[in-house]
Amino acid sequence: MSDHWKIIVWLVAGLIIGGALQLFADGNPASPIGLKDAKDSLVVASVPQSSKIELGIPVVALIKNKGRNDEERLAFRSMNDYEGALKSCDIGAIIWYETKTGQVFQASLKLDQKSDRASYLRPFTFFADIFLRLLKMLIVPMILTSIISGVVGLGSGKDLRRLGTKTFIYYVATSMIAIVTGLVLVNLIRPGEGASLGLAASDKFDNLSDSSFVDVLIRMVPENVFAAFGANASMLQVIFFSLLFGYFILKTKDPHRTTMTSFFEAAFEVMMKLAAGVLLLIPYGVFCLLVKVVGQTGFAVFKPLGLYMLTVLAALAIHCCFTLPIVLRVFAKINPLRWIKAVAPALITAFSTSSSSMTLPVTMETVEKRGGVSNKVVSFVQPLGATINMDGTALYECIGVIFLAQYYAGIQDFDLTLTNQLQVVVMALLASIGAAGIPSAGLIMMVTILGALKLPVEGAALLLAVDRPLDMLRTVTNVFSDTCGSAVVATSEGETILAVQDKGASKL
Ligand code: ASP
């Protein structure tokens, strides 16, 4: 069975088992704070450690869906009323407590750990947590080896430097356009706003890191590289160091340069193998995550997830059907349709493997033989593009992170400022450069962006559940953009590529 099918089968199994647990196993919400009877109301008797709520204040009501059209206030005077009110709320929902003086404070409803359903869910949660930790384990070594080996691939000869500069400008420019497309769509569609994803807010979290853009730039420079390696949230610092390190390998004389180049190329190969090993677990990881999510919160989460998927699909479609064809037309002077036909075998392989790296041999062959680009350009632009140039991944990072940030902004009551969004843009670009060309690499990078913004990384686990179809399509976009890169660079080097020679080409 192909990988895709395997994932779909396990995904459906996860939905069924999660749904069955939701229907047949008892599960009450646990009261987020301890209350006890006092004269004519209940008062706070115990609170979670990090909470700011004061003990002893009288609480008179519970508010559901605060600030939305379906806001509902459930007043209570006794423990019985309170328990009834609590039972009418969904697990994972955010509720507000209202005090006698009219103040409100917020809490998220978790499943009562003593309930039947919680005990059935425990093994699935256990495996899902291990799976997530394995993904996080890959982050730092993956970024480090992928970027360093990518930069040393740029080479340092004069010819290579010229090609390298052009290629790099193409990569960054198309990735930025892709990200901005994603940013505009996610702000227009707003899939995360008011969504009920069942993800609990984190107690430790007050606000999105609201530092200015200058601060973000300053913090990109690590004070201590090993401290940066030690924290998944310091992804920008790791990327910054890797870019510099790669650049200075190129400046070093032989034999050290060759030694370091082959060392990092070898290390990258090993990391790709290791990641592929971990990613073999994806079907089972998806299964456990879905049992956990559906078992706890039901199916309501799929509506916003569907909207999120549509947003990504629309952005990918705009990039592939408008942006890249225009780039081809203007900078490579070729008919985009003829180019798509020429590189179709690579696009189909990308779709079926979800991996730019696995597709690389087919891409090189098709761009050279069917696209008519010289071997010199192909062998430079394509391998680099497979790990560095990922337009589809870039826009997906941006949409995924902002989707989750929109959700958390709603439940935690903070604004998603322009500075926050600019931070996401920079991180999405760097994440797409740092992501390896293997299935789900984009999702691994998303964990690091969420961490850097101090958003709970559990959100990425939820997106993993519906990641594969998006991965197939963003890989097609990544590979298509790589092939367009070859066409643009080849034309700028004075090559006449196949599609240009076709008379029909000039008539689009
Ligand atoms: N699978 C993608 C690729 O290989 C990377 C990603 O997960 O976004 O291009």
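All residue numbers refer to positions in the sequence shown, counting from 1. Order of listing sets the numbers, starting from 1, for every ligand and every atom in it.
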* **Nearest candidate to atom 7 (O) of ligand 1, where distance is taken over non-hydrogen atoms, out of Ala386, Gly442, Ala394** => Gly442
* To do: Nearest 0.5 Å please: distance from the OG1 atom of Thr483 over to the CG atom of Leu328.
  => 7.0 Å
* How long is the span from the CG atom in Leu450 to the CG atom in Leu463, to the nearest 0.5 Å? -> 8.0 Å
Atoms in ligand 1 with a heavy atom of [X] nearer than 4.0 Å:
X	result
Ser356	3 (C), 4 (O), 9 (O)
Ser355	4 (O)
Ser440	7 (O)
Thr393	5 (C), 6 (C), 8 (O)

* To do: Would you kindly say whether Asn389 and Ser481 are connected by a side-chain donor-acceptor distance under 3.5 Å?
  => yes
* To do: Would you mind telling me which of Val184, Leu324, Leu185 makes a side chain to side chain contact (heavy atoms under 4.5 Å, CB included) with Ile318?
  => Leu185
* Asked: What do you reckon, are the aromatic ring centroids of Phe127 and Phe287 less than 6.0 Å apart?
  -> no
* Structure fact -> Nearest non-hydrogen protein atom to atom 1 (N) of ligand 1, with distance, is Asp471 OD1, 2.8 Å
* Residues Asp467, Arg474: salt bridge by 4.0 Å N-O rule -> yes
* Got a salt bridge between Glu365 and Arg370, using NZ or NE/NH1/NH2 to carboxylate O under 4.0 Å? -> no
* To do: Kindly confirm or rule out an N or O of Ala441 lying under 3.5 angstrom from an N or O of ligand 1.
  => yes
* Between Thr475 and ligand 1, is there a nitrogen or oxygen pair with a distance under 3.5 Å? -> yes
* Asked: Taking non-hydrogen atoms only, is Ser354 closer than 4.0 angstrom to ligand 1 via side chain, backbone, both or neither?
  -> backbone
